[in-house]
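Here's the structure we're looking at; comments come further down.
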There are 2 protein chains.
Amino acid sequence: MKLDSLRLCQQKEFKLGGISRLITTEKWNIILLIETWSRYYEGILYLEYPMTMHKKRVSIRDLAKVLGVTPSTISRALNGHESISVSRRDQIVQLAKELGYRPNQIAKSMVSNKTFTIGLLLPEFTHNYFNNILAGIESVSFQKGYQLFICTSDELKEKEEKSCMAFLNTRVDGVLAAVGNDSDDLSHFETVIEDGTPLVLLDRICEDLNTSYVVTDDFQGSLDAVQYLVQTGCKQILHIKGPEYISTSFNRYLGYVEGLKKNNIPLEENLILMGEDEQFEKKLNQIFDEFEVDGIFAFSDYYAYDAIKVLQKRGIGIPDEVSVIGYADEPIAQYISPQLSTVKQPAFEIGKHAAEILFKMIEEKNTTIMSKQLETTLVIRESTR
Amino acid sequence: MKLDSLRLCQQKEFKLGGISRLITTEKWNIILLIETWSRYYEGILYLEYPMTMHKKRVSIRDLAKVLGVTPSTISRALNGHESISVSRRDQIVQLAKELGYRPNQIAKSMVSNKTFTIGLLLPEFTHNYFNNILAGIESVSFQKGYQLFICTSDELKEKEEKSCMAFLNTRVDGVLAAVGNDSDDLSHFETVIEDGTPLVLLDRICEDLNTSYVVTDDFQGSLDAVQYLVQTGCKQILHIKGPEYISTSFNRYLGYVEGLKKNNIPLEENLILMGEDEQFEKKLNQIFDEFEVDGIFAFSDYYAYDAIKVLQKRGIGIPDEVSVIGYADEPIAQYISPQLSTVKQPAFEIGKHAAEILFKMIEEKNTTIMSKQLETTLVIRESTR
DNA sequence: CTGTTAGCGCTTTCAT
DNA sequence: ATGAAAGCGCTAACAG
């Protein structure tokens with residue numbers, strides 16, 4: 001019963017819903033006074049309190065009974081149908097409010113075969129990129145009155161599959177998804193498509209998956225970055241490559257290759273390093289021992305940061321000796337020093353456009369696939385000349 | 001028809017679901033060959049493609065008809081009831097799989113009055129803190145087989161209200177929420193409680209809201225931080241305070257006050273600055289003109305960073321001249337230099353415990369309120385002596 | 001303008 | 001072990 005160790009709130013005299021009160025003692029220690037029976041067990045404070053039990057909800061039948069009309073009439077009134085007298089409608093709406101009537105969306109879905117729900121599957125939310133995508137999606141789905149079922153796949157195929165099945169079982173009206181890294185088998189997405197549920201894929205392109213895509217122009221984004229490096233005097237540019245098997249890695253790599261080509265710089269295989277390489281630091285050091293690298297273009301801001309740390313250990317000046325460009329414009333790009341130049345992806349817009357396309361597919365019962373590619377912008381900060 | 005500007009994928013020969021193909025030309029420019037009728041309009045590529053239309057889904061009735069039994073039997077078989085012969089069950093399960101039967105969760109909810117859905121309302125996802133909370137919640141809800149309805153309130157009361165109503169209308173089995181900054185009117189949460197829907201509030205405590213809470217011990221966290229500052233020699237400690245009207249701001253402030261008190265340092269009102277102050281930089285400079293500040297304890301890592309920037313402009317050495325401690329252990333704490341010492345909140349655990357308590361309330365039809373307070377840990381990095 | 005009826009897909013008594 | 005029937009809350013087609 002070490003209640004005194006619990007400081008749920010430290011205001012001088014604080015009522016936690018009329019149950020408990022916190023006061024400050026003369027010693028400035030704060031203790032909790034419980035006015036009802038309570039116990040403290042395994043770190044949880046239990047307060048016996050008369051919680052409202054799931055009382056039976058009021059249905060249109062209840063309203064109908066009160067007014068001596070049929071449920072149909074109630075339904076029509078509440079849904080603003082034409083054929084109903086204004087006075088009656090007002091009366092019904094008024095009563096509904098008084099009785100705290102809450103339309104049962106489940107029952108509605110049952111008859112309309114529509115849930116006003118969309119399934120969203122993203123790999124994770126630790127990268128700001130996906131948060132912004134989410135914000136973009138939310139901005140349009142909220143305004144459209146749709147709810148979001150959100151699942152994170154953690155880049156795990158198993159979770160992806162389960163989530164897709166859950167989406168289908170709950171009869172979402174559409175699915176938005178960014179497929180995870182390691183999924184080579186994409187049959188679960190095929191199931192979604194075959195089910196006839198509109199699907200828009202984000203960010204990463206998958207071969208043989210016939211559906212709408214919203215992606216960014218990674219190729220051009222990388223090309224821009226490399227062009228900038230060359231224009232500012234870089235002659236030997238290292239590329240830190242992203243994970244295998246995802247289209248973005250490959251496209252950014254291609255942009256890098258194209259950038260070199262355009263500037264007649266020979267492609268040197270040894271200047272390409274995998275960001276996820278376990279011996280990243282060692283290998284990077286070896287490259288710097290061997291080559292006169294004066295520019296780095298990384299698949300992500302995080303890889304860029306990893307490289308910068310290694311360079312700083314070596315006492316290499318950034319950007320004086322080596323220019324560095326990252327990718328994505330994650331928040332860290334602004335916080336590290338030197339501030340990181342990077343290729344900014346329009347994450348919010350990706351989400352927004354993806355949602356818009358999805359709603360088009362849903363609402364227009366469209367039979368066509370719609371794809372969109374967005375442009376990146378090069379953000380120059382302190383890590384480049 | 002500037003199709004050539006569209007590089008949906010830059011692989012040498014890439015089939016986008018058998019519809020289109022991308023090839024590289026001799027000039028390394030990449031163009032898109034469309035094999036079906038298509039058009040490019042307002043930035044969207046439309047591909048006419050025979051998409052599966054929402055075909056009528058197979059129901060238990062369909063299965064029943066095939067096998068010449070009644071829907072009841074199918075239902076029993078699929079739900080693993082006792083009274084059914086094994087052979088029949090296997091037969092039914094087999095057929096269900098073959099026909100791609102997908103149980104209609106909506107219909108199930110209709111009869112069971114249970115949706116296996118919980119509503120989650122968070123202010124935003126740009127702070128890593130909430131992402132980790134989400135991850136914690138997801139880890140338990142996924143394993144329990146519940147879906148998450150996620151809404152962001154953007155700290156807007158209007159969105160909070162709408163989301164709460166949406167949760168109630170879709171008959172979620174429970175609600176998890178962190179109330180936004182500016183909400184003084186909390187009637188929408190009261191509505192949730194009165195409706196009988198289990199509610200667990202995260203992170204921030206609200207007066208007069210009778211429900212379960214999961215919070216961290218902000219008071220102790222702040223106290224620890226201040227104690228550390230004093231122990232490492234700080235005599236004049238500035239506090240950068242969080243937004244008004246949220247319990248965490250107040251509790252961290254109280255911890256700061258308590259820390260001073262414990263060390264017999266007089267509380268100086270002028271050493272307290274609001275983080276959201278529009279004239280933050282100016283006022284901070286004034287304080288440094290007037291006082292010999294040698295320690296800063298900030299409500300958040302972001303505020304701490306803001307302060308550090310000002311100090312660095314002034315040429316003040318950190319931590320030699322001034323020690324700085326932030327709050328939350330956001331990722332930036334590790335990326336800025338000097339790396340920021342901070343009070344780490346167990347965000348993942350908050351989410352996990354909140355979800356666990358919620359499920360207890362849901363499953364045990366518990367009539368008690370359960371609250372939990374988690375401990376913080378002080379993470380010492382480079383910004384302190 | 002309003003009532004009647006049927007039904008969305010599933011579960012669940014109550015019989016047999 | 002299985003069938004028949006009712007019903008979850010709501011909407012919609014058809015009558016009046």
Side-chain angles (χ1 to χ4, degrees), chain A residues 54-93 95-96 99-117 166 168-173 195-196, chain B residues 54-93 95-96 99-117 166 168-173 195-196:
Chain A
H54 245 71
K55 52 185 165 197
K56 199 177 155 353
R57 273 128 173 172
V58 4
S59 71
I60 56 171
R61 279 244 292 276
D62 300 324
L63 300 183
K65 233 173 281 173
V66 173
L67 295 178
V69 295
T70 54
S72 321
T73 307
I74 307 289
S75 171
R76 283 187 275 251
L78 261 23
N79 293 292
H81 282 212
E82 291 295 292
S83 53
I84 195 148
S85 61
V86 184
S87 61
R88 178 112 296 172
R89 185 179 40 240
D90 292 348
Q91 179 193 31
I92 290 174
V93 170
L95 181 73
L99 265 52
Y101 168 77
R102 224 165 284 295
N104 187 329
Q105 185 55 51
I106 300 291
K108 282 190 169 182
S109 296
M110 192 83 228
V111 3
S112 66
N113 210 17
K114 184 135 184 31
T115 55
F116 288 97
T117 272
L168 260 26
N169 292 349
T170 52
R171 304 298 196 252
V172 297
D173 294 330
D195 183 78
Chain B
H54 246 70
K55 53 184 165 197
K56 199 176 156 352
R57 273 128 172 172
V58 3
S59 72
I60 55 170
R61 280 244 292 276
D62 300 326
L63 300 183
K65 231 172 281 171
V66 174
L67 296 178
V69 296
T70 54
S72 323
T73 307
I74 306 291
S75 171
R76 284 188 273 253
L78 261 22
N79 293 293
H81 282 212
E82 291 295 293
S83 54
I84 195 150
S85 62
V86 184
S87 62
R88 176 120 287 177
R89 184 176 46 238
D90 292 348
Q91 179 194 30
I92 290 174
V93 170
L95 182 72
L99 265 51
Y101 168 77
R102 223 166 285 294
N104 187 330
Q105 185 56 50
I106 301 290
K108 283 189 167 181
S109 297
M110 192 82 228
V111 5
S112 66
N113 211 16
K114 184 134 182 32
T115 56
F116 288 97
T117 272
L168 259 27
N169 291 349
T170 52
R171 304 296 195 255
V172 297
D173 294 330
D195 183 78

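Sequence lines set the chain letters: A, B, ... in the order given, protein chains first and strands last, and positions in each chain run from 1. What you see below is based on every heavy atom in this structure, not just the backbone, and it leaves out hydrogens, waters and symmetry mates.
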Quiz item: Between B:R88 and B:R171, who's closer to the 5' end of DNA chain D by nearest nucleotide?
Solution: B:R88
Quiz item: Hey, which of these two, B:V111 or B:S72, hits DNA chain D nearer its 5' end, going by closest nucleotide?
Solution: B:S72
With a 4.0 Å cut-off on heavy atoms, is [X] in touch with a base, just the backbone sugar-phosphate, or nothing at all?
| X | result |
| --- | --- |
| A:T73 | sugar-phosphate |
| B:S85 | sugar-phosphate |
| A:I84 | sugar-phosphate |

Quiz item: Is the shortest heavy-atom distance from the side chain of A:Q105 to the side chain of A:S109 under 4.5 Å?
Solution: yes
Quiz item: With side chains defined as the heavy atoms from C-beta onward, is the minimum distance between B:L67 and B:L95 less than 4.5 Å?
Solution: yes
OP1 or OP2 of [N] under 4.0 Å from side-chain N/O of [X]:
| X | N | result |
| --- | --- | --- |
| A:S75 | D:dT11 | yes |
| A:S59 | D:dG9 | no |
| A:N79 | D:dT11 | yes |

What is the separation between atom [atom1] on [X] and atom [atom2] on [N], rounded to the nearest whole Å?
| X | N | atom1 | atom2 | result |
| --- | --- | --- | --- | --- |
| B:M110 | D:dA6 | CE | C1' | 14 Å |
| B:K114 | C:dC10 | NZ | C1' | 17 Å |
| B:I60 | D:dA5 | CD1 | C1' | 14 Å |
| A:E82 | C:dC1 | CD | P | 9 Å |
| A:N104 | C:dC8 | CG | P | 18 Å |
| A:F116 | D:dT11 | CZ | P | 11 Å |
| B:K108 | C:dT11 | NZ | C1' | 10 Å |
| B:D62 | C:dG9 | CG | P | 8 Å |

Quiz item: With distance as the sole criterion, is a donor-acceptor pair present between the side chains of A:S72 and A:S75 under 3.5 Å?
Solution: no
Practice problem: Give the C-alpha distance, both sets of side-chain angles, the deciding distance and a yes or no for side-chain contact (heavy atoms from CB on, under 4.5 Å) between A:I74 and A:Y101. | Solution: CA-CA 11 Å; A:I74 307 289; A:Y101 168 77; over 6 Å; no
Self-check item: Nearest-neighbour nucleotide for the B:T70 side chain, D:dA4, C:dT4, D:dA12 considered
Solution: D:dA4
Quiz item: Does any N or O donor sit under 3.5 Å from an N or O acceptor when you compare the side chain of A:R76 with the base of C:dG3?
Solution: yes
Practice problem: Please step through side-chain contact (heavy atoms from CB on, under 4.5 Å) for the pair B:V86 and B:D90, ending with a clear verdict. | Solution: CA-CA 6 Å; B:V86 184; B:D90 292 348; 3.7 Å; yes
